[in-house]
Structure formats: C-alpha cells, structure tokens
Amino acid sequence: MGHAYDVIIVGAGPAGCAAARTLTKAELSVGLFDKALFPRDKTCGDALIPDAFHALKKLGLIGRVAAISYPTHGMRLISCDGSDVLIRAHSACMPRLKLDELLLNGAIEAGAEFLPGHDFTAVLDEDGKIYRVEFNVDGQVASARARWVLLATGAHPAPIARAGLLQRAECRSFAVRQYVRNERLAKDFNELVFAFDTTVRGGYGWIFPGPDAVFNIGIGFFGSAHKHNNPRRHYEQFIAKLPLAQELMRDGEIVTALKGSPLRTGLTGTRVADGGLLGIGECIGSTFPLTGEGIGKAMETGILAAEAIIVKHGLSRAAVAEAYTRSIAALQPKFEVYRKAEFLFNWPYLTNKLVTHTGRNAYTRGKVEGLFNERSDPEFLLTLAGWRRILFH
Ligand SMILES: Cc1cc2nc3c(=O)[nH]c(=O)nc-3n(C[C@H](O)[C@H](O)[C@H](O)COP(=O)(O)OP(=O)(O)OC[C@H]3O[C@@H](n4cnc5c(N)ncnc54)[C@H](O)[C@@H]3O)c2cc1C
C-alpha cells in the first residue's frame with residue numbers, strides 16, 4: 001500500500017514545482033515525484049522572459065531568482081544579411097541546473113514531499129475517486145495514491161502516452177545548446193542575442209550571457225531532428241557564419257558538450273485533462289511556438305491547474321477538469337498566432353526587413369518590443385496591412 005496524498009505531481013521541472021508550491025501553500029498534501037536525482041540539468045536556453053518573472057512573483061520566488069540570475073537589459077536581433085538592432089527588453093538568464101533546484105526547494109519548503117529516482121510507469125483509476133500511480137524505482141514497483149494527479153513530465157512522448165493523454169507523438173521543434181565560458185566577452189555583455197540565419201531555416205540561433213561569464217549558445221528549428229535535418233550541422237554552420245559566435249568560441253572555453261532536446265509547442269498534441277488527471281507544462285505543449293520560450297508558461301499552467309484544484313477541491317473531477325481546460329483554452333488564441341507567425345523564419349527577406357525597420361521606425365520597434373514583453377501579439381506579422389505598416393511607416 002503506497003503513500004496517500006491529495007495531489008501527486010509527476011515531474012519536478014518548473015511546471016511541477018510551481019504547482020506543488022501553490023497547492024501546499026493552500027494546505028493540500030503533495031507528493032512530487034521525478035525520475036531524476038536533483039540537481040539535474042535540463043537542456044534549455046536559460047532565458048527568463050517577462051511571463052517567467054510574473055509567475056515567479058506569484059510564487060514568491062522572484063527575489064531569490066533575481067539574487068543569483070544574470071540580468072539582461074536588451075535584445076539584439078541579427079538578420080540573415082548581418083544587419084542588427086538592439087531593443088529594450090528586461091530578462092535574466094540562469095542555468096536550469098540552478099533555477100530548477102531553486103524551484104524544487106521552494107516546493108519542498110512549502111511542504112511538498114519530494115521523491116526523486118521515481119520513473120513514472122502507469123496511472124490507474126481505482127474507484128472513480130482515487131488514482132494509483134506506479135513508478136519504477138531501481139527495478140522495483142512503487143506506488144502512491146491521490147485524488148488528483150498532475151502530469152508534468154515535459155516534452156518527451158513516452159510518459160504522456162503512459163498517462164493516456166498523448167494525441168501526437170512528434171514534437172514540433174528541436175533545439176541544441178552548449179555552455180561556453182568567455183571572460184573577455186562577458187565584460188559589459190548584458191543583452192540576449194537572437195540571430196536569424198539561412199543555415200537555420202525555420203528557426204534561429206541564440207547567444208545568451210549567464211552568471212560566471214558562461215554563455216548559453218544554441219540553435220532551434222521547427223520540425224524534428226533526423227539525418228537530413230541534423231542539429232549539430234546546423235549549429236556548426238551557424239557558428240561559422242556569425243562573427244559574434246566565432247569570437248565567443250575562438251578564445252572561449254567549452255564547458256559542456258552540445259546537447260539537444262525536442263520542444264512540444266503550441267498547446268497541441270496532448271489532451272489537457274482526463275477526469276482528475278491534468279497535464280501541465282510542456283507535456284501539454286505549453287512552450288511558445290515561434291520563440292521556443294516555455295519556462296514562464298510551464299509555471300503558469302502549473303499554477304492554473306493548482307488553482308483549479310484548490311477552488312474546486314470539494315467538487316467532482318469533471319468540475320476541476322472543466323475549470324482547468326477553460327483556463328488553458330484562454331491561452332490558446334495567443335499560441336495560435338505564434339504558431340502562424342512561424343512562417344516568418346522561412347523567409348530571410350522578411351526577417352531582414354523586420355530587423356532593418358525595427359531599427360528605423362518607432363512603430364515596428366514598439367511592436368517588436370511589445371512582442372517580447374508580452375504587450376503585443378505577433379498578429380501584425382500575419383497580415384498585409386501589418387507588413388505595409390512595417391515597411392512604409
Ligand atoms: C535547447 C532548448 C532551449 C530552450 N530555451 C528556453 C529559454 O531560453 N527560455 C524558456 O523560457 N524556455 C526555453 N526552452 C523551453 C523550456 O526548456 C521548457 O518550456 C520547460 O523546461 C518546460 O518545463 P516543464 O516543467 O514543463 O518540463 P521539464 O522542465 O522538461 O521538466 C520535466 C520533469 O519531468 C521529469 N520526468 C520526465 N519523465 C519522467 C518520468 N517518466 N517519471 C518521472 N519524472 C519524469 C524530468 O526528469 C523533469 O525533471 C528551451 C528548450 C530547449 C530544448
């Protein structure tokens with residue numbers, strides 16, 4: 001007979017930890033399970049954008065993150081033809097090894113019981129009221145029971161399929177990154193660099209500065225990785241073409257090998273809820289299409305699921321599932337616009353124009369800054385009228 005909780009959360013990334021902290025603060029008992037031992041690394045660009053700050057504020061953890069993250073105050077866009085523009089954008093970078101440890105500690109200190117080394121294998125509905133969740137722990141079966149289960153296992157399809165929520169196995173994007181230390185370049189470097197390049201057609205490359213003069217450099221593209229779409233080759237071509245990337249590598253020290261991971265984006269491909277079993281974070285595709293940013297939205301969906309359970313705890317599974325599904329549906333239109341705007345990265349002519357005109361006119365600059373700061377949607381990129389204003393304002 002396994003341990004019993006109000007809520008079992010499978011996956012202790014940003015989504016799972018945000019949900020755990022929110023639920024335990026409302027005095028619900030939480031078992032937070034992860035297959036990994038922490039601190040664990042998660043392949044990521046490590047950039048925290050405004051939606052992440054918003055979620056961290058809500059969780060009461062923003063001060064702790066601010067104390068150890070690396071603040072950046074601008075975003076440099078470099079187009080395929082080499083022109084570039086710097087816009088105002090407040091963000092921060094922090095290796096996921098540290099961020100996820102901080103979030104996990106935030107969940108544990110609020111009262112969640114953390115059980116590492118638990119590889120989720122099955123969820124079984126016992127009697128229409130209680131779920132039994134099973135794990136593989138060093139080859140042995142372990143189980144626990146709860147009224148509610150939150151699945152927060154990230155982009156990989158296997159656990160989502162085991163929970164019965166998977167609709168589409170393939171992920172819509174793939175990205176790779178590497179850490180490189182460069183003391184000289186790190187001096188006064190306080191911007192996020194996004195570079196569009198024909199070698200990364202349908203995506204972009206990035207250089208993000210982090211604490212201790214360590215940069216996170218990588219590329220991401222739409223589609224999956226395979227021999228004709230080889231991430232390592234794209235990455236090497238990207239470095240060979242971007243002077244800033246060459247400078248970083250030339251006198252930099254490689255800290256980690258190149259690592260890749262799929263991204264589940266667009267709030268598609270997974271059912272959001274099945275009775276008292278709710279999917280949160282990247283397992284339901286909460287990472288933004290177009291940009292690939294997802295830490296903030298993962299935390300946000302975790303908080304939304306926790307709030308649905310807190311408010312409707314005494315009610316039926318259907319009531320909780322409906323409340324949560326509604327709050328996810330409210331995010332959908334924005335994700336849909338981001339998805340449609342992905343076409344842009346296949347058109348170097350348009351990204352060149354966007355960068356040039358962001359430098360030249362206040363209208364486009366305002367729109368692009370608003371996009372990053374979540375004040376405007378990329379809708380202006382989808383219409384002829386929007387492009388007319390970009391080009392002729
Ligand atoms: C290369 C790359 C760069 C990115 N850059 C950025 C960026 O700069 N900014 C940004 O905001 N987003 C970025 N993202 C997206 C971001 O990484 C994700 O949106 C975010 O990690 C999703 O959080 P999550 O909690 O849903 O899932 P995860 O962070 O993936 O956490 C899932 C957890 O579930 C656990 N788990 C998995 N399977 C099991 C199982 N069977 N049993 C138990 N536990 C399990 C894992 O060990 C893990 O701890 C990037 C992604 C990639 C791949």
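Both counts, for ligands and for their atoms, begin at 1 and track the order of listing. Just so we're clear, the structure is a prediction, and the values are computed from it rather than from any experiment. Below, each value reflects all heavy atoms present in this structure, side chains not excepted, and no hydrogens, waters or symmetry copies.
Side-chain atoms of Asp84 do not come within 3.5 Å of backbone N or O of Leu77 as any donor-acceptor pair. Under the 3.5 Å distance criterion, the side-chain polar atoms of Asn105 are left unmatched by any main-chain donor or acceptor of Ile108.
By the 4.5 Å heavy-atom criterion applied to side chains, Ile9 and Val7 are counted as neighbours.
Between Arg162 and ligand 1 there is a heavy-atom distance shorter than 4.0 Å. Under a 4.0 angstrom heavy-atom cut-off, Gly218 registers as lying outside contact with ligand 1.
Taking distance alone, with nitrogen or oxygen atoms compared against 3.5 Å, Asp100 stays at or beyond that limit from ligand 1. Looking at Ala36 next to ligand 1, no N or O pair under 3.5 Å apart turns up. For ligand 1, the polar-atom distance check against Arg96 finds a nitrogen or oxygen pair separated by under 3.5 Å. Here's the thing with Gly292: one of its N/O atoms is less than 3.5 angstrom from an N/O atom of ligand 1. For ligand 1, the polar-atom distance check finds no N/O of Gly296 at less than 3.5 Å from any of the ligand's N/O atoms. Of the N or O atoms in Trp206, none lie within a sub-3.5 Å distance of an N or O in ligand 1. Here's the thing with Ala155: none of its N/O atoms is less than 3.5 angstrom from an N/O atom of ligand 1. Residue Phe120 has at least one N or O atom closer than 3.5 Å to an N or O atom of ligand 1. The distance criterion of under 3.5 Å between nitrogen or oxygen atoms is met by Gly294 with respect to ligand 1. For a threshold of 3.5 Å applied to N or O pairs, the pair formed by Ser261 and ligand 1 contains no separation below that value.
A side-chain N or O of Thr265 and one of Arg172 form a donor-acceptor pair less than 3.5 Å apart. Side-chain contact, Glu307 with Tyr324: no donor N or O sits under 3.5 Å from an acceptor N or O. In this model, no donor atom of one side chain and acceptor atom of the other lie less than 3.5 Å apart for Tyr179 and Asp212.
If you look at Asp46 next to ligand 1, the close heavy atoms, those under 4.0 Å, all belong to the backbone. When heavy-atom distances to ligand 1 are checked against a 4.0 Å cut-off, Phe208 comes that close only through its side chain, counted from C-beta outward. For Ile295, heavy-atom contacts with ligand 1 shorter than 4.0 Å involve the backbone as well as the side chain.
Across Lys42, Arg40, Glu282, heavy-atom proximity to atom 22 (C) of ligand 1 is greatest for Glu282.
In this structure, Phe372 and Phe194 have perpendicular ring planes: the angle between them is above 60°, well past the 30° mark.
Crowding of Lys98 atom NZ: a count of heavy atoms from other residues, nucleotides or ligands under 6.0 Å not exceeding 12. Remark: Asp138 CG is loosely packed, at most 12 non-hydrogen atoms of other residues, nucleotides or ligands lying under 6.0 Å away.
Below 4.0 Å from some heavy atom of Ala15 lie the following atoms of ligand 1, by number and element: 25 (O), 26 (O). Numbered from 1 in the order shown, with element, the atoms of ligand 1 that lie under 4.0 Å from a heavy atom of Gly281 read 26 (O).
Across all their heavy atoms, Val272 and Ile284 have their closest contact at CA-CG2, 4.1 Å.
In this structure, Arg317 is positioned above the aromatic face of Tyr131, its NZ or CZ under 6.0 Å from the six-membered ring centre and within 45° of the axis.
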